[in-house]
Amino acid sequence: YVCGDGPDRVTGVAAIPGGGLVAVGDTQSVNFPTSSNRFRTLTEGDRDAFFLRLPSDGAALTFATFLGGRESDVARGVSVNAAGNAYVVGDTFSPDFPGVAAGAVSALSVDAVVALIGPQNRLAASRRFGGSAADSAFAVAATADRVYVAGQTASPAFPVTSSVCQTGFGGGIDAFLSVFHANLSTLASGLFLGGSADDSARAVSVRGGIAYVAGETGSSNFPTTAGAFRPAYAAGFRGIRDSCVAAISESAQPVPPCIALNGVVNGATFRPGPLAPGEIVSIFGAGLGPPQLAGLNLASGFVTTEIAGTRILFDGQPAPMLFAVQNQASAIVPFAVAGRQETTVVVEVGGRRSTPLRIPVTQASPGIFSLNASGRGPGAILNQNGSVKTSDNPADRGSIVVIFATGAGVTAPASRDGQIVPALQPFPLPVAPVSARIGGVEAEVLYAGAAPLLVAGVLQVNIRVPLSLNPGIGVPIRI
């Protein structure tokens, strides 16, 4: 037994290469046994973490120390690499957690923490990480050059990286995997793992450059892969949770493309939502295309459905492709999805397919293109004389402006997928009625339909600026 006169618990144990064990946990005992060469001499706060080193037979303590600051600290897991370095993970309320640099505390709430204790029982480094809400690290796996930490976070701003496909913060509590360099100096990669309900990672193991993360989920939309043992949520114990396991690769080997959570967005506004027939969409994720941006291809007056080995499929039908690069691709939703309740989106790269993503279908989902292609700021609008409308080149009241948008839905006559619209009437016009407001004032719509000489799916709206409109900069336009 290892204990004091208060509640004590061991939460993790790991074998030391060459013999011996390390153990971690937390204690409320002020007289918890520690060794003379401990690097923290007393316990503070409601609870303190501890670190122990024992021989293989567990007959005696060879080293024992408290680990924490002036508030509550909990150790939840430990791993030892081949060099004998021990990595302890848990969570802390202490702004003075030992080894954390001044100013590194992310919030006043509980944060995840990882500490490096060398073979000579010296605290070599520690790192506190998290966001504005509660964060906890439950498990760790250490290799020669990487430290894999798994846990859970309630922080939307939890630190992640763009080097891996992000499911994004799904809401509530999400699982996370954070990968640090062995000296804990930098975050090599990090990602959320979860859906719209609560998710938690409780174990991690690494083999061959692949991290295997296990935990639990209450999310019916937890991301699963094609061919998984159980790809659908089964409502778990008492209808609350399922177990989950994920294999996450850091290797350079080809992996299937990945669509991020809420990663299919309107190509003009970059907002997620139901998809309309003929809507130009952007898809964000990882492995979606070549390292360098590849643009559209034309064949016989139509935009092709493949760019540099990338295809985007809607219910199995290839869509006209506008561009593709590693973390983003763009296509036009086939008009054939009209009338369906939802469509299944798959990205295919070099024959490897992403996990299917089901998205609702709507009649229309309009979005105005922005001048800088960011989804924000001034719109892609022409003045009556054909010049680009800017704050330095405003439109006059009573003049006609031309707005470019997408997401108008089916047309009459019917548009053809990927066609460059001929400059011949009759032009395809949206079946859904089109109206416009400038600065909250109803504007006269003179034309709303296909944009001649542009690809089907681009909506051109010609409107007259109301005479009653008050002049100003940044006046909002809605269609």
Side-chain angles (χ1 to χ4, degrees), residues 10-17 21-25 49 51 74-83 85-92 111-117 126-130 134-155 158-161 163-167 169-170 173-184 186-195 198-217 219 222-225 228-229 241-251 255 258:
V10 170
T11 54
V13 63
I16 302 172
L21 301 170
V22 294
V24 296
F51 173 84
V74 175
R76 301 185 184 275
V78 63
S79 179
V80 183
N81 66 10
N85 292 313
Y87 295 87
V88 181
V89 298
D91 45 74
T92 179
D111 274 352
V113 68
V114 54
L116 164 59
I117 300 174
S126 62
R127 187 181 183 101
R128 179 174 174 163
F129 59 103
D135 317 285
S136 296
F138 290 110
V140 58
T143 65
D145 59 350
R146 290 286 193 272
V147 183
Y148 298 76
V149 182
Q152 68 181 41
T153 177
S155 302
F158 188 87
V160 294
T161 60
S163 59
V164 291
C165 183
Q166 295 295 337
T167 65
F169 183 73
I173 297 172
D174 266 14
F176 71 80
L177 177 67
S178 298
V179 185
F180 298 95
H181 292 287
N183 62 2
L184 305 183
T186 53
L187 179 69
S189 65
L191 79 161
F192 293 110
L193 181 63
D198 289 349
D199 316 278
S200 181
R202 298 293 179 132
V204 61
S205 181
V206 179
R207 177 172 293 184
I210 297 177
Y212 298 89
V213 181
E216 58 187 18
T217 179
S219 300
F222 186 90
T224 59
T225 52
F229 171 73
R241 291 183 180 274
D242 275 6
S243 297
C244 59
V245 62
I248 301 169
S249 175
E250 274 205 319
S251 71
V255 296
C258 167

Of all heavy-atom pairs between [X] and [Y], which one has the smallest distance, and what is that distance?
X	Y	answer
Ala201	Ala175	N-CB, 3.5 Å
Ala23	Val10	CB-CG1, 4.3 Å
Ala75	Ala49	N-CB, 3.6 Å
Leu187	Pro159	CD2-O, 4.0 Å
Arg146	Ala188	NE-CB, 3.8 Å
Ser205	Ala141	CA-CB, 4.2 Å

Measure the spacing between [atom1] of [X] and [atom2] of [Y] and express it to the nearest 0.5 Å.
X	Y	atom1	atom2	answer
Ser155	Ile173	OG	CD1	10.0 Å
Glu216	Asp198	CD	CG	9.0 Å
Asp111	Phe129	CG	CZ	8.5 Å
Ser189	Leu177	OG	CG	6.5 Å
Asp145	Asn81	CG	CG	9.5 Å
Leu184	Asn85	CG	CG	9.5 Å

Would you tell me whether [X] and [Y] have side-chain atoms, one donor and one acceptor, within less than 3.5 Å of each other?
X	Y	value
Thr217	Asp242	no
Asp174	Thr153	no
Arg202	Ser200	yes

Could you check Thr92 against Val74 for side-chain contact (heavy atoms from CB on, under 4.5 Å), going step by step and ending with a plain yes or no?
CA-CA 6 Å; Thr92 179; Val74 175; over 6 Å; no
Taking the side chain as everything from C-beta on, heavy atoms only, tell me whether Leu191 gets closer than 4.5 Å to Phe176.
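No. Closest side-chain heavy atoms not under 4.5 Å.
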Test of understanding: with side-chain contact (heavy atoms from CB on, under 4.5 Å), list the residues that count as partners of Ala15, not counting sequence neighbours.
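Applying side-chain contact (heavy atoms from CB on, under 4.5 Å) to Ala15 gives Leu21.
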Partner set under side-chain contact (heavy atoms from CB on, under 4.5 Å) for Ala14, not counting sequence neighbours:
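Counting only residues at least two positions away or on another chain, Ala14 forms a side-chain contact (heavy atoms from CB on, under 4.5 Å) with Val22, Val78, Val80.
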Apply the test side-chain contact (heavy atoms from CB on, under 4.5 Å) to residues Val160 and Phe192: give CA-CA distance (whole Å), side-chain angles for both, the deciding distance (0.1 Å), then the verdict.
CA-CA 7 Å; Val160 294; Phe192 293 110; 3.9 Å; yes
Is there a side-chain contact (heavy atoms from CB on, under 4.5 Å) between Phe180 and Val149? Walk through the geometry before answering.
CA-CA 8 Å; Phe180 298 95; Val149 182; 4.1 Å; yes
So, does [X] use its side chain to make a donor-acceptor pair with the main chain of [Y] at under 3.5 Å?
X	Y	answer
Arg76	Val89	no
Ser79	Ala142	yes
Tyr148	Thr143	no

Pair Val24-Thr11, side-chain contact (heavy atoms from CB on, under 4.5 Å): steps then yes or no
CA-CA 6 Å; Val24 296; Thr11 54; 4.0 Å; yes
